[in-house]
Amino acid sequence: MQSLSHLPSPHFFILSLFLFLYSTLLCLTVTAATCHVDDESGLLAFKSGITSDPSGKLNSWSPGTDCCKWYGITCGDNNRVTTITFNGQPGNSTTFLSGTISPSLSKLHSLNGIYLQDTGTLSGTFPSSLLTLQNLQYVYIENNKLSGRIPGNIGDLTGLVAFSVDGNRFSGPIPSSVSKLTQLIQLKFGGNLLTGTIPIGIQQLKNLTFLDLGPNRLTGTIPDFFSSLTELRILRLSHNKLSGTIPPSISLLSSNLIYLELGHNALTGQIPDFLGKFHGLDTLDLSWNRLSGTVPKSFGNLTKIFNLDLSHNFLVDPFPEMNVKGIESLDLSYNGFHLGEIPKWVTSSTIIYSLKLAKCGIKTNLDNWKPVETYFYDYIDLSENEVSGSPVGLLNRTNYLVGFWVEGNRVRFNMESLKFPKTLKYLDLSRNLVFGKLPLAISGLEKMNVSHNHLCGKIPATKFPASAFVGNDCLCGPPLQPCKV
């Protein structure tokens with residue numbers, strides 16, 4: 001039997017228990033706070049600058065916890081924060097963040113990317129403290145309300161691969177220092193209030209695949225510098241005040257370019273024949289310019305084009321024969337075209353959702369027009385032509401129709417026979433031969449005009465002015481004269 005004198009003393013048990021609990025607590029503490037103290041401090045300062053977070057995305061950002069596990073945070077192998085990501089939902093204010101972007105983000109020395117996209121109401125100026133972060137490669141601060149100027153020394157971030165401040169309220173010129181961002185693949189300044197000319201230094205960004213500078217308020221000509229930007233796949237300069245002709249060096253983009261959007265400017269001259277060499281082109285938008293002459297015959301080579309918008313120019317006949325496999329949206333409205341009929345390559349498309357041929361010399365009888373697919377039509381505009389017959393057979397087979405415009409034609413049908421899809425928002429039947437009574441369904445439309453037809457009866461309760469109803473045979477009730485009892 002063992003002597004009691006050889007058993008460990010009570011003090012030994014207490015000391016052992018203390019050492020065990022201390023070592024366990026120490027391990028838990030180290031595990032719980034693995035992110036760097038500077039990262040935690042910088043992120044908590046960011047949180048303090050947020051005044052509204054209705055979806056509670058920042059609730060997990062608590063002092064003393066592992067910031068690598070916080071919502072929207074990613075860390076690298078060294079437990080330093082590498083990315084911050086918050087994506088809202090456009091039109092859904094419960095997913096937005098309000099407030100300003102704290103300058104303390106400069107403490108996150110390993111930050112590689114910041115993604116604050118569609119967060120809605122972030123305001124203030126561009127966080128210039130980010131310019132000190134030399135590991136930063138991706139900046140997407142999109143669709144917020146940031147304002148002021150883009151920092152003139154943005155070129156200091158020479159490691160940037162993608163830079164987008166699309167959809168904010170930035171003003172002033174595009175800094176010339178962007179020419180130093182030679183690693184850029186994406187440069188997106190669209191949807192702001194930028195002024196001045198397009199910097200010639202952009203030609204130094206030879207790796208660019210995506211250049212978006214519109215909508216803005218840029219002036220001057222489009223620089224003829226595309227010989228060094230041959231990797232471009234998307235070029236968007238629409239909705240500015242650019243003038244002059246389409247520069248010849250754009251022809252050198254033919255092998256890669258998919259989207260070319262130059263609409264809503266003040267461009268002049270003719271459409272270059274070289275655009276017919278862009279065999280992979282998906283979208284071409286030259287609308288709302290001052291382009292003149294004919295559309296090149298070479299457009300017959302654009303067999304893969306899905307979206308073509310040449311509307312609101314001074315283009316004239318003849319329009320070339322296209323060999324498109326399936327057009328999705330087409331707008332040739334308000335030029336000098338006299339097409340006679342809706343082109344066969346349009347009628348045969350099974351994927352078309354938008355057809356706009358206003359004032360294009362169309363002489364079609366709608367009873368005889370039999371498009372292969374009508375189910376997916378969203379928009380049909382045949383205004384100011386010589387269209388006759390009834391659209392009822394066509395429209396009653398559409399399930400997603402949003403807008404139908406046919407004003408200034410000879411369309412004749414009974415209004416009561418027209419089915420109104422739930423999606424319908426815009427309807428213009430003015431200056432035609434429409435008869436019958438107005439259905440209650442017109443009350444759900446956003447815009448409507450049925451003036452100068454042969455309609456009769458009481459007008460359903462609507463928000464539309466008298467000008468939407470005048471010139472009919474016997475319509476009555478507000479906003480027109482009272483109905484006779």
Side-chain angles (χ1 to χ4, degrees), residues 42-43 45-53 55 57-58 61 70-74 81-93 95-175 177-178 181 183-194 205 208 210-216 234 236:
L43 292 174
F46 175 84
K47 180 180 180 179
S48 68
I50 301 300
T51 56
S52 176
D53 174 25
S55 60
K57 293 176 180 177
L58 293 170
W61 290 32
W70 292 354
Y71 179 93
I73 300 302
T74 305
V81 172
T82 55
T83 61
I84 303 173
T85 305
F86 285 91
N87 292 317
Q89 299 172 9
N92 184 357
S93 60
T95 66
F96 291 173
L97 294 175
S98 299
T100 57
I101 302 174
S102 171
S104 294
L105 289 182
S106 59
K107 294 182 178 181
L108 281 64
H109 294 303
S110 295
L111 195 65
N112 173 265
I114 180 167
Y115 305 86
L116 303 175
Q117 298 169 285
D118 299 308
T119 44
T121 49
L122 288 176
S123 57
T125 58
F126 184 88
S128 56
S129 59
L130 294 179
L131 301 180
T132 63
L133 300 176
Q134 292 306 307
N135 290 312
L136 200 58
Q137 290 184 295
Y138 302 93
V139 174
Y140 289 90
I141 305 178
E142 298 179 331
N143 299 319
N144 284 285
K145 294 184 178 178
L146 273 65
S147 57
R149 295 196 170 201
I150 297 170
N153 57 337
I154 191 67
D156 291 349
L157 286 175
T158 53
L160 275 181
V161 173
F163 183 61
S164 175
V165 290
D166 191 77
N168 283 282
R169 298 175 178 176
F170 289 111
S171 57
I174 297 173
S177 69
V178 296
L181 305 177
Q183 303 303 309
L184 275 183
I185 293 176
Q186 291 191 5
L187 179 61
K188 298 170 65 179
F189 285 154
N192 283 286
L193 306 170
L194 299 173
L205 313 183
L208 273 185
F210 194 153
L211 177 60
D212 183 359
L213 302 182
N216 276 294
I234 300 173
R236 289 176 174 160

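At least one donor-acceptor pair closer than 3.5 Å links the side chain of Lys47 to the backbone N or O of Leu58. Between the side chain of Thr82 and the backbone N or O of Thr74 there is at least one donor-acceptor pair closer than 3.5 Å. Looking only at distances, no side-chain donor or acceptor of Asp156 sits under 3.5 Å from a matching main-chain atom of Ile154. No donor-acceptor pair under 3.5 Å is formed between the side chain of Lys188 and the backbone N or O of Ala162. With hydrogens and angles ignored, the 3.5 Å screen pairs a side-chain donor or acceptor of Asn192 with a backbone N or O of Gly190.
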Dump the intermediate steps for side chain to side chain contact (heavy atoms under 4.5 Å, CB included) on Leu133 and Asn112, then the final yes or no. CA-CA 8 Å; Leu133 300 176; Asn112 173 265; over 6 Å; no
Chi angles and distances behind the side chain to side chain contact (heavy atoms under 4.5 Å, CB included) call for Ile101, Leu130: CA-CA 10 Å; Ile101 302 174; Leu130 294 179; 5.7 Å; no
Going through the distances and angles, do Asn135 and Leu111 end up as a side chain to side chain contact (heavy atoms under 4.5 Å, CB included)? CA-CA 6 Å; Asn135 290 312; Leu111 195 65; over 6 Å; no
Test side chain to side chain contact (heavy atoms under 4.5 Å, CB included) on Gln186 and Tyr138; report intermediate values, then the result. CA-CA 9 Å; Gln186 291 191 5; Tyr138 302 93; over 6 Å; no
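Contact record, Ser129 with Ser102: OG-O, 4.3 Å, taken as the closest heavy-atom pair. The minimum heavy-atom distance linking Gly159 with Gln137 is given by the pair O-CG, 3.6 Å. Taking each heavy atom of Gly152 and Ser177 in turn, the nearest pair found is O-OG, 2.6 Å. Contact record, Lys145 with Gly120: CG-O, 3.6 Å, taken as the closest heavy-atom pair.
Of the inter-residue distances, the one linking Asn216 atom CG with Phe189 atom CZ reads 9.5 Å to the nearest 0.5 angstrom. Expressed to the nearest 0.5 Å, how far OG of Ser128 lies from CG of Asn153 amounts to 7.5 Å. Between the CG atom in Leu136 and the OG1 atom in Thr158 there is a gap of 11.0 Å [rounded to 0.5 Å]. Here CD1 of Ile141 is found 12.5 Å from CG of Asp166. Values are rounded to the nearest 0.5 Å. Taken from CG in Leu97 to CZ in Phe46, the straight-line distance is 6.0 Å, to the nearest 0.5 Å. For the atom pair Tyr140 OH and Asp118 CG, the distance stands at 13.0 Å (nearest 0.5 Å).
Side chains of Leu122 and Thr100 form no contact here, defined as non-hydrogen atoms less than 4.5 Å apart. Ile150 is not listed as a side-chain neighbour of Val178, based on a closest heavy-atom distance of 4.5 Å or more. Looking only at side-chain heavy atoms (C-beta outward), Val165 and Leu146 stay at 4.5 Å or farther from each other. Side chains of Pro90 and Asn143 form no contact here, defined as non-hydrogen atoms less than 4.5 Å apart. Put simply, the side chain of Phe126 does not reach to within 4.5 Å of the side chain of Asn168, judged on heavy atoms.
Inspection of the Gln89 and Thr95 side chains reveals no N or O donor paired with an N or O acceptor under 3.5 Å.
In this pair, Trp61 and Phe86 present their aromatic rings tilted. The plane angle is within the 30 to 60° band.
Here Thr132 pairs with Ser106 under the side-chain contact (heavy atoms from CB on, under 4.5 Å) rule; sequence neighbours left out.
Evaluated for a side chain to side chain donor-acceptor pair (under 3.5 Å) with Thr121, the options Ser98, Ser52, Ser93 yield exactly one hit, Ser98. Exactly one of Leu205, Ile234, Leu184, Leu187 qualifies for a side-chain contact (heavy atoms from CB on, under 4.5 Å) with Leu211. That residue is Leu187.
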